[in-house]
Asks: 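I have a structure I would like to understand better, so I am pasting it below and will then ask my questions one at a time.
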Amino acid sequence: MNGNVLIIEDEEAIINVLASILIANEYIPVIAKNGGQALTMLRSFQPDVILLDLGLPDMDGIDILKKVKESHNCPVLVVSARDKEWEKVEALDLGADDYITKPFGTSELLARIRVALRNRSDGEEKSASEKGIYCCGKLRVDLEKHVVTLDNERVHLTKNELRIMELLSRNPGKVLTYDYLIKNIWGADMPENNRILRVNMANIRRKLEENPAEPKYIITEIGVGYRLADESYF
Ligand code: CA
C-alpha cells in the first residue's frame, strides 16, 4: 500500500472520484464529511496525506489546515475551485503543501500526492535538495556546484536567475508562490517585484525552454506562482 489518505470533503461526487482513484492506485482513503469528523479522524487515523476542501459545512477548511500544521507533520493538499486563486495562495502561505484544482485529472492528483509524500521530512525517497541535484528531461541543476546544464551544455544565468532555479529545484513538482519566490530572492516585498520576477522568469525560459511560450520545465500556475516539472510526470 502507498499510504493512508484522509479526504476532508462534503461533496459526494468529489468524494467518490477521489476515493476510487486512490483505491485503484493502492492508497487507503478515509473520509471526513465535515470539520468535526476531520478533527476526530486526525487523532484516530494516522494519515500520510490530507486532501482538504476549504468549503466545509461546519468549519472553515483554513482552520483545519492551521490545526494540522500545529500538531501533525502531515502534508496537506487543498482541493480548490478553478477561480479561487486568492484562496490557494492563502492556504499555501499558511503551510498547505500544494493544491489541486477541480475538476482534476487522475495523473495530476497522483503526481501531487507523490510529491507531497516525497517532501515529507521522514520520506524514504531523497528529495532533490538532499541529493544536491535536480534532473528532469534534458535539464540538470547541480545545487552544490551552482551549475545549470541543458543537454549537457552549461546554461549561463545571472545571479538572480540562478537563485530562482535553485529555489525551484529544491522543490520539484511543488508550486512556489510569487511572494515566496520574491521574499527569498529579493528580501522584503517591494511594489515592482512581481514585474521583476516575471522578467527574470521570461529570461530563464528563453535560455531553458525549447518553446518559451509553451514551457515544459517551468510551469506557470496563473495567479499563484510557478512549479518546476517533476521527473515523475515528465
Ligand atoms: Ca465543499
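Computed from a predicted structure; not experimentally measured. Order of appearance sets the numbers: ligands from 1, and atoms from 1 within every ligand. Starting from 1, each residue takes its place in the sequence as its number.
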Asks: Strictly under 3.0 Å, is the Ca ion (ligand 1) approached by any N, O or S atom of Asp10?
Replies: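 Short answer: yes, at least one N, O or S atom is under the cut-off.
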Asks: If Ile, Leu, Val, Met, Phe, Trp and Tyr residues are connected whenever their side-chain heavy atoms lie under 4.5 Å apart, and connections chain through other members, are Ile28 and Ile7 in the same group?
Replies: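 Cluster IDs for Ile28 and Ile7 differ.
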Asks: Under 3.5 Å, is there a donor on one side chain and an acceptor on the other for Arg205 and Thr220?
Replies: yes
Asks: Distance alone, cut at 3.5 Å: any donor-acceptor contact between the side chains of Tyr134 and Glu166?
Replies: no
Asks: Find out whether Ile50 and Val68 are in side-chain contact, i.e. whether some heavy atom of one side chain is under 4.5 Å from a heavy atom of the other.
Replies: yes
Asks: Assess Gly55: does it contribute an N, O or S atom lying under 3.0 Å from the Ca ion (ligand 1)?
Replies: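 Short answer: yes, at least one N, O or S atom is under the cut-off.
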Asks: Of all the N, O or S atoms in Asp53, which one sits nearest to the Ca ion (ligand 1)?
Replies: OD2
